[in-house]
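Letters A, B, ... mirror the listed sequences (proteins, then strands); counts begin at 1.
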Amino acid sequence: MEQFSFRVKKVCAQSGARIGELVTPHGVIETPVFMPVGTRATVKSLAPRDVKETGAQIILANTYHLYLRPGHKIVQAAGGLHKFMAWDRPILTDSGGFQVFSLSKLRKITDEGAVFSSHIDGSVHKLTPELVMEIENALGADIIMAFDECAPYGVDHKTAKEAYKRTIYWLKRCYNAHQNPAQALFPIVQGNMYEDLRIASIQETLPYAKYGLGIGGLSVGEPTEVMCKMLDALQPYYPENMPRYLMGVGSADYILEGVIRGIDMFDCVLPTRIARNGTAMTAQGNLTIRNNQFKEDFRPIEEGCDCYACQNFTRAYIRHLINVDEILGGKLLSIHNIRYLIRLTEQIKEAIYQDRLLDFRKEFYQKYKKSAE
RNA sequence: GGGUAGGUUCCCGAGCGGUCAAAGGGAGCAGACUGUAAAUCUGCCGCCUCCGGCUUCGGUGGUUCGAAUCCACCCCUGCCCA
């Protein structure tokens, strides 16, 4: 019996957006979905029940980080990631491909794999597609990402081509090494900012995509229009019957633009990271709650928000917490920011059901400024 | 009363004749953050008509081409003795 399935429940008449239902061993995910990131088997500062309360249906964890600490064998011995971290909903593990990009100074890539010098103790580790599959299998997430090479923004065509070609080569090895039917392997499309490479990449990737498709290497510093152009180029090539996951995207405007272009899944550290740094996401844009202007502002972060932070605390209080370096400040803002993005996906779904997503976008931008106030 | 150590820009604290508007922290203010080496990082932080000028280093007066830095007296603090 198949443990995974995906069906489209509704397609928006105004755009490529759709509402879908992804069945996994740990539950059903309704898309479009925003997935909070818990790299080291925790969404920073939040307990699982806090994360659940935001409405999160699925969270991420990271293969590379958990391989280094505590070690995938330990997680396996604990009974898998779900048990280890006490999260009973679906989990997706990223492959460590993003670390090929973000830890570029500490790593060397060959066709065989990527050799990392650990950022923790300097010890040398070689990640190969086979090892990544072994680790992800031990961790036991519902969705596992293929090991890919994410090239930075600004590389030339030749370098971008090499990266996507290597990603395809690694994908085949991941595909062959992957055995566990309880885990869905998502391949990742690369191609940097070149339309021809993006298209070639997706065409060569598709034969290995059974349950879902990752789109990587975007939102790495390029202008919004460039990212949208890449998504536009890809859109004609998506199979209808599987979810498309735009990796690493998590600002409200990017999510909306993604959904309009047929994306179903998103993840991002942004809401939790900027939370810890004192910023709140709102319909008006980002609010730097840490700033002086909020010291006597006794309103909630966002009027009308149903999150725990907005229901119980004021901007002035949260600003104070951030200001005196109390962990509760980052926690409350994390709760709010995740809830904000999930509420956004709920509003988007509503608009899709009503076939008015482009109208919704217009209304959205009337309020939303890159930086509020 | 005697001795002794000191008084530096919001705070702590370097500086001890020019390269000093004065190191370094802290606080404060602002910015960045998008598959988390991030509760991190960056910038500003005396005043102005700001490629230049002005006023600062307890106070006053001196020495010197030039003083936060040297001298004299005064004021104030800590410690020790009486």
With rounding to the closest Å, how many angstrom separate the [atom1] atoms on [N] and [M]?
N     : M     : atom1 : answer
B:A27 : B:C11 : C1'   : 7 Å
B:G26 : B:G62 : C1'   : 38 Å
B:A68 : B:U56 : P     : 9 Å
B:U4  : B:C71 : P     : 15 Å
B:A37 : B:C41 : P     : 15 Å
B:G6  : B:C10 : P     : 23 Å
B:C50 : B:A21 : C1'   : 14 Å
B:U36 : B:U55 : C1'   : 49 Å

Among [options], which is the nearest nucleotide to the side chain of [X]?
X      : options             : answer
A:N277 : B:A37, B:G35, B:A32 : B:A32
A:L270 : B:G31, B:C33, B:U36 : B:C33
A:N292 : B:C33, B:G31, B:C29 : B:C29
A:I274 : B:C29, B:U36, B:C33 : B:C33
A:V269 : B:A30, B:G35, B:A37 : B:G35

Inset, instruction - Mind checking the CG-CZ spacing from A:L171 to A:F147? Nearest 0.5 Å is all I need. - result: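 Here the rounded value is 12.5 Å.
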Legend entry - Spacing of CZ belonging to A:R69 relative to CD1 belonging to A:I74, to within rounding of 0.5 Å: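 If I round to the nearest 0.5 Å, the distance is 12.0 Å.
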Rounded off to whole Å, could you give me the [atom1]-to-[atom2] distance for the [X] and [N] pair?
X      : N     : atom1 : atom2 : value
A:H119 : B:A37 : NE2   : C1'   : 5 Å
A:R276 : B:C33 : CZ    : P     : 15 Å
A:Y67  : B:A37 : OH    : C1'   : 16 Å
A:L213 : B:G35 : CG    : P     : 19 Å
A:I135 : B:G35 : CD1   : C1'   : 16 Å
A:M227 : B:G35 : CE    : P     : 12 Å
A:N337 : B:U36 : CG    : P     : 17 Å
A:N291 : B:G43 : CG    : C1'   : 14 Å

Legend entry - A:A41 versus A:M85, closest heavy-atom pair with distance: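 Nearest heavy atoms, A:A41 then A:M85: O-CE, 3.5 Å.
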Inset, instruction - Would you name the heavy atoms of A:T279 and A:L333 that are closest together and state the gap between them? - result: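 Heavy atoms only, the tightest pair is N-CD1, 4.0 Å.
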Using Watson-Crick or G-U wobble geometry with both distances below 3.5 Å, tell me the partner of [N], or none.
N     : result
B:C20 : none
B:C73 : B:G59
B:C79 : B:G3
B:C10 : B:G26
B:A68 : none
B:G35 : none

Under 4.0 Å, heavy atoms only, any strand: does [X] hit a base, just the sugar-phosphate, or nothing?
X      : answer
A:T272 : base
A:N323 : sugar-phosphate
A:L60  : sugar-phosphate
A:G214 : nothing
A:D325 : sugar-phosphate
A:D148 : base
A:L106 : base
A:Q99  : sugar-phosphate
A:L246 : nothing
A:R107 : nothing
A:G250 : base
A:E222 : nothing
A:S45  : nothing

Legend entry - First encountered from the 5' end of RNA chain B, between A:R319 and A:L103: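 Upstream on the strand: A:R319.
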Legend entry - 5' priority, RNA chain B, between A:R40 and A:M247 [closest heavy atom]: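 First, find each residue's nearest nucleotide; the 5'-ward one identifies A:M247.
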Inset, instruction - Using the side-chain contact (heavy atoms from CB on, under 4.5 Å) rule, take A:L139 and A:I91 through it: C-alpha gap first, then chi angles, then the decisive distance, then the call. - result: CA-CA 10 Å; A:L139 295 174; A:I91 299 176; over 6 Å; no
Inset, instruction - For B:U36, take OP1 and OP2 only and decide whether either is under 4.0 Å from a side-chain N or O of A:N62. - result: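 Yes, within the criterion.
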Inset, instruction - Please state whether the rings of A:F313 and A:Y317 are parallel, tilted or perpendicular, taking 30° and 60° as the class boundaries. - result: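 Answer is parallel, since the angle falls under 30°.
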Inset, instruction - Take the angle between the ring planes of A:F4 and A:Y211 and call it parallel below 30°, perpendicular above 60°, tilted in between. - result: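 Rings of A:F4 and A:Y211: tilted, 30 to 60°.
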Legend entry - 4.5 Å side-chain heavy-atom contact, A:P239 and A:M242: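 Yes, close enough: below the 4.5 Å cut-off.
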Inset, instruction - Any chance you could lay out the side-chain contact (heavy atoms from CB on, under 4.5 Å) test for A:L218 and A:L231, step after step, and finish with the verdict? - result: CA-CA 9 Å; A:L218 290 175; A:L231 293 177; 3.9 Å; yes
